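Quick notes on the structure that follows.
In this text the structure is predicted, and so the values were computed from the model without any measurement.
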Amino acid sequence: MESGSELSKTVATFILQKILLDETGLSYICQTYERFSHVAMILGKMVLSLAKEQSARLLKHVVRCYLRLSDNPRAREALRQCLPDQLRDNTFANCLKDDKSTNHWLTTLHKNLETNPGNDPRVSVKWQLKIKGILILSSRDMELTVDMHLITTWLDNQLKNKNADEYKILPKKLTNKMFFPLLEFTNCKVCAEIVIDPTRRDLIFAESRIWYSFREKVSFNCIFDLSLYPFDVQICSIDILHSEVHGDVKIPLEDEKKVYNNFDLEKLTMPSEFKLRKIEVVEINCTADSYFQRKKRSFCFSYVFTFERTILQHVLIIFLPSILIVMLSWISFWLDVDLAAPRVALGQTSLLSLAAQFNSVQNGLPPVSTVKALDVWMFACIFMAFSSILEYAIAYNFKKHQHQQLFSNTAGSIIKMKNSHDSSNQCCNTSIDFWAKIIFPTIFFSFIITFWVILYFTNTF
């Protein structure tokens, strides 16, 4: 429709017109912002090109498409903002002076856009999102799943119910032509494109007030920062976008902010691995992903959850066992250098145990490139276990070197110096193990103190 000959553009526009004339086709195109904005953008470009090279035949179908779009309440409100100026002024007056049908359609289009549904300049939408529980908070899947109960209400003066206490379900044929707020969850993983969808759930009204409510499990994307894992604090959110297609809709959030400022977090069920610090309702900046957002006809707000990971289970399962395994490798310092089998077995067992523990912990985490606090801890533990094996290799080679020096002397010297060399060799080997008993615990416990102090101040500030 954007390029090609006049004939090809006319045929393509005629096909679009036939799709819009069908009720199903019109509902499909106007169901989401992306579909409508794409169609509106293409038609707008065609109007701009027709202003330069006018064609009555092509313009007729373009006007008919705009007129059909104005039959949908949501599209009609959007066209008030995005209808090309060339269709509002006398740009095509000469082209359409002999075309009564197109002139009639254009006049009808202007009348449709001048009508404000309900004659109410401000439509106040009451929004209440009740969080019933946190079902899933997964570091591996980067996912937050909540059990939510959403209640929205707004006034529509076009509807009247004589009995104020009587609630009625609106028929589907009527709800497809009504105004309702354009809301969507922008960061959900598996959910409907729009929050209020009369085709999925019923609209209930009483005394001109429309009610829309549902309760379901919804999953949202949550980008985890694992640099301090398992001492991390995670911030997840539920982001809501409202497209203000005509600027007369408001969603007051003061009541919601008060509710969650005084919310009892202890009553909220959630995974035992995390503890919920707070829930905040804040206004956020909208990203310019759609036509309405680029036109600054949108309003965005978010429910921000701050989670803190519980540390006790990780201390008992990861940190204390790894400390004991490292201390186990130090037992070899009290064994004689000639006992190669037990000393090597102790070092290898400690090293393999730490590697298996580290691998089991990593299996529950996503494959991220971030260096985590746990990585630093496990590397230090594995390095200490490896160093204990290295210490034995140094002590053993030192003793072997002493024996080689001993047997390189003359036979007489060997006999005379045997006792002195044996005592000197035993003294040197004992000296290496003696200093290892002091240096290894000092280095490791100094690392432990430094590690926990840094984490404490990092989480505090």
Side-chain angles (χ1 to χ4, degrees), residues 133-145 222-236 265-278 305-334 345-389 437 440-461:
I134 309 295
L135 303 180
I136 298 174
L137 186 58
S138 174
S139 303
R140 184 173 183 82
D141 299 327
M142 299 287 184
E143 176 182 306
L144 167 68
T145 302
C222 179
I223 305 302
F224 280 63
D225 180 9
L226 299 175
S227 57
L228 294 178
Y229 177 86
F231 309 93
D232 50 328
V233 175
Q234 302 299 337
I235 298 177
C236 300
L265 302 177
E266 299 296 331
K267 295 182 179 180
L268 197 64
T269 59
M270 61 179 305
S272 59
E273 186 179 358
F274 290 91
K275 180 174 64 175
L276 183 59
R277 280 187 180 180
K278 59 182 178 179
F305 300 81
T306 303
F307 299 99
E308 180 182 3
R309 197 183 299 269
T310 54
I311 303 176
L312 181 60
Q313 59 179 339
H314 296 282
V315 170
L316 296 177
I317 296 175
I318 300 175
F319 291 97
L320 285 181
S322 59
I323 292 175
L324 295 176
I325 292 172
V326 172
M327 294 175 66
L328 178 66
S329 67
W330 299 342
I331 296 177
S332 63
F333 302 153
W334 277 264
L346 274 173
Q348 288 181 342
T349 302
S350 302
L351 195 61
L352 293 175
S353 299
L354 289 169
Q357 185 187 35
F358 183 58
N359 184 61
S360 65
V361 173
Q362 291 293 341
N363 288 335
L365 297 174
V368 296
S369 59
T370 306
V371 177
K372 301 177 285 293
L374 182 64
D375 297 339
V376 176
W377 174 267
M378 295 305 297
F379 172 79
C381 293
I382 291 174
F383 177 77
M384 294 300 298
F386 172 77
S387 298
S388 67
I389 301 177
K437 295 173 187 177
F440 275 67
T442 302
I443 293 176
F444 186 61
F445 288 115
S446 298
F447 163 75
I448 292 176
I449 295 172
T450 305
F451 180 83
W452 286 94
V453 168
I454 292 175
L455 284 176
Y456 173 77
F457 284 103
T458 302
N459 285 329
T460 302
F461 299 103

Side chain proximity check, P230 to R309, heavy atoms < 4.5 angstrom: yes
Minimum heavy-atom distance L365-R140, with the two atoms named: O-NH1, 2.9 Å
From L265 atom CG to T306 atom OG1, the distance as rounded to the nearest 0.5 Å: 10.0 Å
Exam field: side chain Q362 to backbone D375, donor-acceptor pair closer than 3.5 Å: no
Closest contact, heavy atoms only, Q357 versus I317: NE2-O, 3.2 Å
Interatomic distance, D232 atom CG to S139 atom OG [nearest 0.5 angstrom]: 6.5 Å
Within 6.0 Å of CZ in F444, more than 12 heavy atoms from elsewhere: yes
Within-4.5 Å side-chain heavy-atom neighbours: L144 and I136: no
Residue F231 excluded, over 12 heavy atoms near CZ under 6.0 Å: yes
From OG (S350) to CG (L328), nearest 0.5 Å: 4.5 Å
Side-chain heavy atoms of K372 within contact of L228, under 4.5 Å: no
Close side-chain approach of F274 and E308, heavy atoms under 4.5 Å: no
Plane angle bin for F447 and F451 - parallel if under 30°, tilted between 30 and 60°, otherwise perpendicular: tilted
Note, P366 side chain near F224 side chain (heavy atom, < 4.5 Å): no
Shortest non-hydrogen contact between D141 and S138, atoms and distance: N-OG, 3.0 Å
D225 side, atom CG; I235 side, atom CD1 - distance, nearest 0.5 Å: 9.0 Å
Pair L324-F319, side-chain contact (heavy atoms from CB on, under 4.5 Å): steps then yes or no: CA-CA 9 Å; L324 295 176; F319 291 97; over 6 Å; no
Shortest non-hydrogen contact from L346 toward S332: CD1-N, 3.8 Å
Rounded distance [0.5 Å steps], CD in E273 versus CD in Q313: 5.5 Å
Minimum heavy-atom distance between T349 and S353, given as atom pair plus value: O-OG, 2.7 Å
K437 atom NZ, over 12 foreign heavy atoms within 6.0 Å: yes
L137 side chain reached by C236 side chain, heavy atoms, under 4.5 Å: yes
CA sep, side-chain torsions, deciding dist, call: I134, L268, side-chain contact (heavy atoms from CB on, under 4.5 Å): CA-CA 7 Å; I134 309 295; L268 197 64; 4.0 Å; yes
Side chain to side chain contact (heavy atoms under 4.5 Å, CB included) partners of F445, counting only residues at least two apart: M327, W330, P441, I448
Heavy-atom closest contact (I318 atom, M378 atom, distance): CG2-SD, 4.4 Å
Aromatic plane relationship, H314 with Y229 - under 30° parallel, 30 to 60° tilted, over 60° perpendicular: perpendicular
Point-to-point distance, once rounded to the nearest 0.5 Å, from OG of S387 to CZ of F440: 5.0 Å
Candidate pair V371 and F379, rule side-chain contact (heavy atoms from CB on, under 4.5 Å), full reasoning: CA-CA 11 Å; V371 177; F379 172 79; over 6 Å; no
V326 side chain near L354 side chain, heavy-atom distance below 4.5 Å: yes
Worked check of side-chain contact (heavy atoms from CB on, under 4.5 Å) between S272 and T310: CA-CA 8 Å; S272 59; T310 54; over 6 Å; no
